[in-house]
J.: 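Structure below; questions to follow.
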Protein chains: 2
Amino acid sequence: MTTAPDKASERGADRSAVFAPLYRQIKQLLMASLEQGEWKPGELIPSEMELATRFQVSQGTVRKAVDELAAENLLMRRQGKGTFVATHHEPRAQYRFLRLQPDEGGGAPVQSRFLECRRQRATADVAALLELKAGDPVVFVRRLMYFDDVPTVLDDIWLPGAAFKGLTADRLAQYHGPLYGLFETEFGTRMIRAEERIRAVAADGVATELLQVDNGAPLLLVERVSYSYGDRPVEIRRGLYVTRQHHYHNTLT
Amino acid sequence: MTTAPDKASERGADRSAVFAPLYRQIKQLLMASLEQGEWKPGELIPSEMELATRFQVSQGTVRKAVDELAAENLLMRRQGKGTFVATHHEPRAQYRFLRLQPDEGGGAPVQSRFLECRRQRATADVAALLELKAGDPVVFVRRLMYFDDVPTVLDDIWLPGAAFKGLTADRLAQYHGPLYGLFETEFGTRMIRAEERIRAVAADGVATELLQVDNGAPLLLVERVSYSYGDRPVEIRRGLYVTRQHHYHNTLT
DNA sequence: AAGTGGTCTAGACCACTTT
DNA sequence: AAGTGGTCTAGACCACTTC
């Protein structure tokens with residue numbers, strides 16, 4: 001077996017210019033294709049050999065790029081079948097981002113009820129988080145989630161108006177399953193990561209009625225910003241969780 | 001270049017018996033060495049080539065095993081120097097498990113004050129979580145943490161008595177830095193993973209005094225079980241967090 | 001049988017650190 | 001210069017899926 005020193009040194013030059021190893025460049029190219037929709041959520045992407053030919057690198061280099069994307073939940077590998085674009089419709093991906101769990105028992109599936117869906121102008125803080133200007137159009141959604149028929153989560157959601165033009169109360173009412181699945185299928189916006197800030201607050205106002213708790217009762221406040229490819233913010237969520245029979249679960253590693 | 005079919009088929013046979021790929025077997029062997037203290041936290045482990053010779057596999061197979069252990073924060077790779085056993089004394093590992101952050105600004109380093117340290121008999125629930133029997137000896141520690149001189153976190157901690165015989169109030173008082181560093185250095189118990197359950201509760205009793213909040217004020221309750229090698233539970237923690245100027249931060253992926 | 005990802009090997013060269 | 005981990009290649013064979 002021989003190496004190809006000419007090729008290698010050419011690439012060495014390229015790499016010092018771009019300042020990243022080859023497999024990370026390949027990874028960026030794959031992410032660009034995902035972002036531009038060359039392969040849609042749930043679809044099969046080309047085989048490792050095909051990608052190696054396309055990018056003129058070895059299969060091992062493609063493999064390392066795909067490995068990282070699979071580790072980040074952007075791709076899903078299935079032995080014997082191929083590599084697929086991750087989707088929020090995948091059974092095991094459902095409610096991957098909802099960390100509230102019943103204290104004991106599996107519990108019945110969650111039920112959603114949409115209370116509001118209307119267009120607004122962004123306030124300064126919402127605009128800042130969504131990287132818009134204050135006054136830009138946003139869609140506001142309020143929804144209540146039931147665990148075992150007990151109202152447990154009250155979510156207020158803000159979405160960039162431009163990307164979610166067709167979102168209506170009717171469309172939400174007839175949809176079942178995770179919202180991120182709807183966003184991905186109907187609006188071409190795939191959520192891939194989120195940051196949450198969690199605090200304890202006292203219940204008041206409309207929350208006490210909707211969640212059926214006393215005024216001043218402790219609630220978990222979960223503020224979430226969700227991001228799509230390229231760290232583009234695509235959703236803001238402000239959730240109030242009742243944690244009498246449930247808890248927010250987290251693993252530290 | 002040639003392969004070694006004899007060797008390969010031998011190993012194929014071995015593998016079907018053990019039912020795991022070679023690199024995972026190597027990974028298990030490395031974990032066993034870590035657990036048994038062949039290499040201690042902060043120490044350099046043998047080079048990839050040496051390990052490959054020891055285990056009679058190729059460097060690439062060792063590499064894949066070490067890659068996974070590095071991804072799980074059990075090992076730390078440093079190019080040009082070698083691979084080290086992870087330690088809680090590492091500057092960038094300090095307070096890796098404390099997810100409470102100031103809402104704005106970096107904030108001053110955290111101060112700890114130890115209020116209690118005494119031996120008890122385990123209650124049923126503590127015993128269950130620590131995989132002991134009710135009545136077995138445990139060490140109980142209560143500590144208050146200050147952010148910017150404001151009392152913010154009240155932790156109650158239970159440790160298995162057998163493994164923490166020498167832990168005293170004096171020893172705690174003179175120690176500075178993360179508790180997990182002390183556990184690792186003085187008691188040979190390295191914490192590698194934790195599970196947390198988070199809820200909102202109303203302040204009452206001694207917590208209101210120590211954290212200087214009103215009776216009924218909302219607090220974050222963080223219940224943590226920490227594990228060492230082999231999923232062995234080594235610590236229980238019940239923390240009350242004041243989230244007026246701080247929040248619990250989490251990233252969802 | 002053919003195609004896919006998964007594992008394993010061997011060898012080359014690069015980047016970084018220490019001697 | 002020598003040793004370490006980091007990258008890249010090429011090729012073999014295995015496990016799984018589909019035709």
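Protein chains get the first letters and strands the later ones, always in sequence-line order, with residue 1 at the start of each.
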J.: If the threshold is 4.0 Å, N to carboxylate O, is there a salt bridge linking A:Arg171 and A:Glu186?
T.: yes
J.: Rounded to whole angstroms, how far apart are CE on A:Met49 and P on C:dA2?
T.: 16 Å
J.: Taking only residues two or more places apart in sequence, or in another chain, which ones meet B:Lys81 in a side chain to side chain contact (heavy atoms under 4.5 Å, CB included)?
T.: B:Arg78, B:Phe84
J.: To the nearest Å, give me how far apart CD (B:Gln59) and P (D:dC8) are.
T.: 15 Å
J.: Could you walk me through whether A:Lys40 and A:Glu184 pass salt bridge (Lys or Arg N to Asp or Glu O under 4.0 Å), step by step?
T.: CA-CA 9 Å; A:Lys40 306 219 175 303; A:Glu184 154 187 315; over 6 Å; no
J.: Quick one: the side chain of A:Arg63 and the base of C:dG6, do they pair up donor-acceptor inside 3.5 Å?
T.: yes
J.: Would you indicate which nucleotide in C:dT7, C:dC16, C:dG6 comes nearest to any side-chain atom of B:Gln79?
T.: C:dC16
J.: Does OP1 or OP2 of D:dT4 have a side-chain N or O of B:Ser47 closer than 4.0 Å?
T.: yes
J.: Compare side-chain N and O positions of B:Lys64 against OP1 and OP2 of C:dC8 and report whether any pair is under 4.0 Å apart.
T.: no
J.: Where each residue is assigned the nucleotide of DNA chain D containing its nearest heavy atom, which of A:Arg24 and B:Arg78 is assigned the position nearer the 5′ end?
T.: B:Arg78
J.: Rounded off to whole Å, could you give me the OH-to-P distance for the B:Tyr23 and C:dT9 pair?
T.: 13 Å
J.: Phosphate oxygens OP1/OP2 of D:dT18: is one of them under 4.0 Å from a side-chain N or O of A:Lys81?
T.: yes
J.: Whether the side chain of B:Tyr241 engages the backbone of B:Tyr248 through a donor-acceptor N/O pair (distance < 3.5 Å, no angle test) should be reported.
T.: no
J.: May I ask you to decide whether B:Glu223 forms a salt bridge with B:Arg199, counting only side-chain N to carboxylate O separations under 4.0 Å?
T.: yes
J.: For B:Phe84 and D:dG3, what is the distance between atoms CZ and P respectively, to the nearest whole Å?
T.: 17 Å
J.: If I take atom CG in residue B:Leu69 and atom P in nucleotide D:dG5, what distance separates them, rounded to the nearest angstrom?
T.: 14 Å
J.: Looking only at side-chain N and O atoms, does A:Thr61 come under 4.0 Å of OP1 or OP2 in D:dT7?
T.: no
J.: When the distance from NZ of B:Lys27 to C1' of C:dC8 is rounded to whole Å, what number comes out?
T.: 18 Å
J.: May I ask you to evaluate whether A:Thr83 reaches the phosphate of C:dG5, defined as a side-chain N or O under 4.0 Å from OP1 or OP2?
T.: yes
J.: Rounded to whole Å, please give me the gap between CG in A:Leu22 and P in D:dA10.
T.: 12 Å
J.: Rounded to the nearest angstrom, tell me the gap between atom CZ in A:Phe19 and atom P in C:dC14.
T.: 16 Å
